[in-house]
Amino acid sequence: MIEVSNVSHGYPGRDGTTFFRALSDVNLTIESGTFVSFLGPSGCGKTTLLRIINGLVIPTGGEIRIDGKKVTGPAPDRAMVFQEFNLLPWRTTRANVEFPLECQGVPSAERTKTANRALTQVGLDRFGDFFPHQLSGGMKQRVGLARALAVGPSYLFMDEPFGALDPQIREVMQVELMKLWDNDRKTVVFVTHSVDEAVFLSDRIIMFGTSPGRIIADLKIDLPRPRWQDDEAIKTSPQFVQYRNDIWKMLKQQLHQMPAA
Amino acid sequence: MSDRTASSLPLKDPLAPQGPSAFERWWLKSGFVNLLRISGLTVFLAAWEISSRLGYLDPLFASSPSLIIEKLFDMIRDGSIWPHVAASANIAGIGFALSVIVGVPMGLLMGRSLTIRATLEPFVTALNAAPQVAFLPLLIIWLGIGISSKVALVFLGSFIIMVVNTEAGVSQVDRKLIETARSFMANERQIMMKIVLPSALPYIIAGMRLAVGRTLVMVVVAEIYAATKGLGYLIFQAGGLYDTAQVFVGVVVLAAAGVILNAFLRWLEKKLAPWQHVQGS
Ligand SMILES: Nc1ncnc2c1ncn2[C@@H]1O[C@H](COP(=O)(O)OP(=O)(O)OP(=O)(O)O)[C@@H](O)[C@H]1O
Ligand SMILES: [Mg+2]
């Protein structure tokens with residue numbers, strides 16, 4: 001369980017004296033085993049909150065507790081997938097997946113075994129000896145996902161993982177993510193700009209508003225699972241369309257409230 | 001009708017990739033440039049040789065390519081060149097190795113730690129701006145006229161290049177990769193060895209190429225004073241005796257060493273940092 005209590009975060013402004021409020025008084029509880037999406041306009045602090053939850057950033061106010069323990073830094077049971085993949089260009093696919101295991105001191109033979117298993121999970125078992133520059137965008141992000149899965153995390157944080165992919169590949173990846181997730185139903189926090197993506201994947205959508213960044217809505221998505229078997233049927237179902245329209249309505253209201261956007 | 005049109009077309013598959021042939025591509029990419037390089041050099045050497053033979057240049061002052069080659073082969077045949085090559089290679093090798101061994105870690109630390117950078121920066125900037133050869137008299141007073149002062153001069157000149165280049169390489173490291181490593185629980189040492197060092201490697205090797213040039217200069221300068229062998233000694237002794245061919249022998253050997261080491265480092269860079277070369281080509 002992830003508990004976000006009264007979290008605020010400010011970045012130092014450009015002149016060093018002012019303070020930019022990226023997040024204001026965020027409260028949120030995420031149950032274990034749920035797939036939660038953060039949805040909201042650019043600059044509303046979604047990435048900031050995700051980095052705070054992962055322990056990469058210590059918030060200027062409030063605290064995070066995961067399974068009751070206060071977060072003070074990254075931990076081995078949490079893994080992140082990044083929008084720009086962030087693969088190490090000098091390492092092969094397999095060596096990239098082994099990287100977090102190396103950092104955690106896992107012996108070499110076991111590392112290779114785990115990495116191969118993770119590569120198989122994302123369908124890249126034949127590409128272990130390729131370098132990132134030899135892979136397409138979709139394949140690179142599969143490597144990013146395999147790297148996160150390799151550490152065997154209980155919590156998976158994904159920051160717009162499919163944002164850099166073209167629409168077709170993006171849909172393929174969504175379906176594959178659903179398939180993988182159904183195996184063990186980890187707790188996933190997934191940041192996205194796409195309403196359809198959020199509705200298709202999530203159990204719950206947290207909507208964010210800007211200036212300052214804060215939660216404006218918390219929606220439960222009651223679509224049947226598993227969702228990967230017939231994704232077209234789900235995306236055209238009346239429930240799905242209803243959720244999508246409701247969310248768009250809320251997003252538009254947000255835009256009207258914003259001072260002269 | 002259509003048959004005849006088809007048979008009158010050149011015997012080329014219209015679906016085959018069009019554009020320049022393999023030879024044309026080679027010629028445009030490197031053949032033409034290499035031809036210019038070789039012909040430029042040939043014309044220069046021929047003009048030198050001919051002017052010297054026809055008396056436009058005094059061989060006593062300007063020597064000539066054939067005299068230099070003759071001298072070089074003589075010195076190789078009687079073995080008199082090897083002690084000089086060995087002495088210089090020794091100083092250059094030790095000095096260069098030390099400057100890499102000290103310069104790279106220092107550059108890495110300066111690049112990663114604000115405290116270390118702020119502390120060392122004034123010294124680095126001053127040493128980098130100063131003509132390091134000016135330290136030679138002091139080095140001789142401190143370390144004597146043996147090999148130590150010569151190695152120290154090489155070190156002083158080359159290690160500063162390694163520090164500056166390594167630090168520049170560190171400042172280019174993608175911050176997103178460092179954050180990625182941190183998110184996977186890498187400690188500072190792991191970030192240094194697994195992220196920063198590989199990222200900075202192309203800069204470090206570029207620094208080594210510059211440092212090779214500086215090393216050769218410093219070796220020659222160090223051997224002018226109080227030396228009894230070495231290529232620098234050979235050059236300046238020959239100069240004093242108006243043996244211009246021997247001066248050029250020394251210069252040619254040094255230049256060849258520089259060119260070979262440079263080519264080796266380019267090869268090493270391609271080998272160790274292949275991802276660097278992918279984007280461009
Ligand atoms: N390191 C930083 N220093 C200063 N300001 C920052 C920093 N990181 C983010 N910000 C600011 O904080 C605000 C929230 O940023 P954040 O990246 O969390 O937004 P986001 O919701 O993830 O946006 P996007 O959807 O575009 O990724 C933005 O206005 C951004 O300019
Ligand atoms: Mg973001």
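Only a predicted model underlies this, so the values are computations on that prediction, with no experimental measurement involved. A note on names: the letters A, B, ... follow the listed sequences, proteins ahead of strands, and every chain is numbered from 1.
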Contacting region of A:Glu102 [heavy-atom separation from chain B under 4.5 Å]: both
Least distance between heavy atoms, A:Pro74 atom then B:Arg182 atom: CG-O, 3.3 Å
Go through the atoms of B:Ile191 and report whether side chain, backbone, both or neither lie under 4.5 Å from a heavy atom of chain A. neither
Structural part of A:Arg51 lying under 4.5 Å from a heavy atom of chain B: side chain
Got A:Phe99 and B:Ile195 here, is their nearest side-chain heavy-atom distance under 4.5 Å? yes
For a quick test of reading the model, state the closest non-hydrogen atom pair linking A:Arg147 to B:Phe184 and the distance between them. NE-CE1, 3.5 Å
Part of A:Phe82 lying under 4.5 Å from any heavy atom of chain B: side chain
Look up atom OG1 in B:Thr180 and atom CG in A:Leu56, then write down how far apart they are to the nearest 0.5 Å. 8.5 Å
CE/B:Met185 to SG/A:Cys103 distance, rounded to the nearest 0.5 angstrom? 9.0 Å
Exercise: identify the closest heavy-atom pair between B:Leu177 and A:Leu88: CD2-CD2, 3.9 Å
Using heavy-atom distances under 4.5 Å, tell me whether A:Leu101 contacts chain B through its side chain, its backbone, both, or neither. neither
A:Asn54 versus chain B, heavy atoms under 4.5 Å apart: side chain, backbone, both or neither? side chain
Non-hydrogen atoms of chain A under 4.5 Å away: do they reach the side chain of B:Glu179, the backbone, both or neither? both
A:Trp90 vs B:Ser199, test: side-chain contact (heavy atoms from CB on, under 4.5 Å). Steps then yes/no. CA-CA 8 Å; A:Trp90 53 87; B:Ser199 297; 3.1 Å; yes
As an exercise, state the distance from OG of B:Ser183 to CG of A:Asn86, rounded to the nearest 0.5 Å. 8.5 Å
